[in-house]
Number of protein chains: 2
Amino acid sequence: MKISTKGRYALRLMTDLAIHKDDGNISIKSIATRQNISEKYLEQIIKLLAKENLVESTRGAQGGYKLTREPIEYTVGEILRVTEGSLAPVACLETDDNPCENCMDCVTLEIWQCVLDAVNKVVDSITLQYLVDKQKEKGNCGCC
Amino acid sequence: MKISTKGRYALRLMTDLAIHKDDGNISIKSIATRQNISEKYLEQIIKLLAKENLVESTRGAQGGYKLTREPIEYTVGEILRVTEGSLAPVACLETDDNPCENCMDCVTLEIWQCVLDAVNKVVDSITLQYLVDKQKEKGNCGCC
DNA sequence: TAATATACTACAAAATTACTAGGAATTCAA
DNA sequence: TTGAATTCCTAGTAATTTTGTAGTATATTA
């Protein structure tokens, strides 16, 4: 039941962008340096965020990325789902609408649905702004 | 954020044992056949449950496994934690007591703690007896 | 036009998951 | 007392997923 580095890095990446939101375009390189994460790997993660319009990119010199909205308008849940994929504990729950036919009438499916709902409720209640505010007080160890 | 087959199989295994709780020792072989799960793999999973005294084993002919308590005295959470390990979304939360030193003052740790609490709350509120009751009504597709 | 970026595709290493194999030890029943 | 049934134990291995690397094309600016 682990969150992968993709999701964790995405949170740090987005927090970094939020903190520097008034500094124009932010290059992957600068984020990678500050956060001590592989540049190329970050590139792949930010691509996922760009595809879903959570960030926008500008190519070329002085290019880089920036947020498309205010930090308070993002939730942690949204960021995690874009980078991790669904937070569902089983594959059958990955499509929003219809779980797999066999599972429709399955005992355990309802358990996993409850778990998913509980997880989503938590992560959807926390905004990126909250991370920014806390970060300024506390810091981020980088390991979780 | 997936539950592995270990945890899912363990749930089916324990439900199977609960349903046959008055039939004496239940062999791995019979469970494997009923549940259509590899015998050798089940063996490894049940070993984890036996080590923590969720089931007891009898060796030799006519041997097998049985529950050590009534089905209502097990929670899904307990079964999952024994087989999956902690349900924590990050390694730093795996030991109950003290998260890693660096993380103590970390922004994201509190998010993961909230997620863990939410997940545990759900799975700890469901008993094995509930699975048995529902199973009799609904069945189990085996894929989740 | 050189420097600085992102965009894209493919590959690869490392870690984890999900088994498989084989035999030793134990118990029961004939 | 022997053979069948069963758990116990250790290793190995295949498949999958995660976590990156590498290289090149494309775009932008000074």
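Every heavy atom of this structure was used, including side-chain atoms; hydrogens, water molecules and symmetry mates were not. First the proteins, then the strands, lettered A, B, ... as listed; each starts at 1.
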On DNA chain C, reading 5' to 3', which nucleotide is the first and which the last to sit with an atom under 4.0 Å from a heavy atom of chain B, could you check? C:dA18 to C:dA29
Which residues in residues 53-71 of chain B have a heavy atom closer than 4.0 Å to any atom of DNA chain C? B:Arg59, B:Gly60, B:Ala61, B:Gln62
Within this structure, what is the CG-CD distance for the pair A:Leu48 and A:Glu43, rounded to the nearest 0.5 Å? 11.5 Å
Is a donor on one side and an acceptor on the other found under 3.5 Å between the side chain of B:Asn25 and the backbone of B:Gln62? yes
Applying ring-ring contact (aromatic ring centres under 6.0 Å, His included) as the test, list every pair that has at least one member in residues 74-95 of chain A; sequence neighbours left out. none
If we ignore hydrogens and angles and just use 3.5 Å, is the side chain of A:Thr33 paired with the main-chain N or O of A:Lys29 as donor and acceptor? yes
Would you call A:Arg81-A:Asp124 a salt bridge at under 4.0 Å N-O? yes
Partner set under ring pair (Phe, Tyr, Trp, His ring centres under 6.0 Å) for A:Tyr9, not counting sequence neighbours: A:Tyr41
Sub-3.5 Å donor-acceptor pair from the side chain of A:Lys2 to the main-chain atoms of B:Ala88, do we have one? yes
Heavy atom of residues 18-31 of chain A under 4.0 Å from DNA chain D: which residues? none
Sub-3.5 Å donor-acceptor pair from the side chain of B:Thr108 to the main-chain atoms of A:Cys144, do we have one? yes
Please list each protein N or O that sits under 3.5 Å from an N or O in nucleotides 17-24 of chain D, with the distance.
from: D:dT19; atom 1: OP2; to: A:Thr5; atom 2: N; distance (Å): 3.0
from: D:dT19; atom 1: OP2; to: A:Thr5; atom 2: OG1; distance (Å): 2.9
from: D:dT19; atom 1: O5'; to: A:Thr5; atom 2: OG1; distance (Å): 3.2
from: D:dG20; atom 1: OP2; to: A:Tyr9; atom 2: OH; distance (Å): 2.9
from: D:dT21; atom 1: OP2; to: A:Ser38; atom 2: OG; distance (Å): 2.9
from: D:dT21; atom 1: O4; to: A:Gln44; atom 2: NE2; distance (Å): 2.4
from: D:dG23; atom 1: O6; to: A:Lys40; atom 2: NZ; distance (Å): 2.4

State plainly whether one hydrophobic cluster holds both B:Val82 and B:Val123, where clusters connect Ile, Leu, Val, Met, Phe, Trp and Tyr through side-chain heavy atoms under 4.5 angstrom apart. yes
Between B:Glu73 (side chain only) and B:Glu70 (backbone N and O only), is there a donor and an acceptor less than 3.5 Å apart? yes
Below 4.0 angstrom, N of the basic side chain to O of the carboxylate: do A:Arg69 and A:Glu78 qualify? yes
Heavy-atom donor-acceptor pair, A:Thr68 side chain to A:Glu56 backbone, under 3.5 Å: no
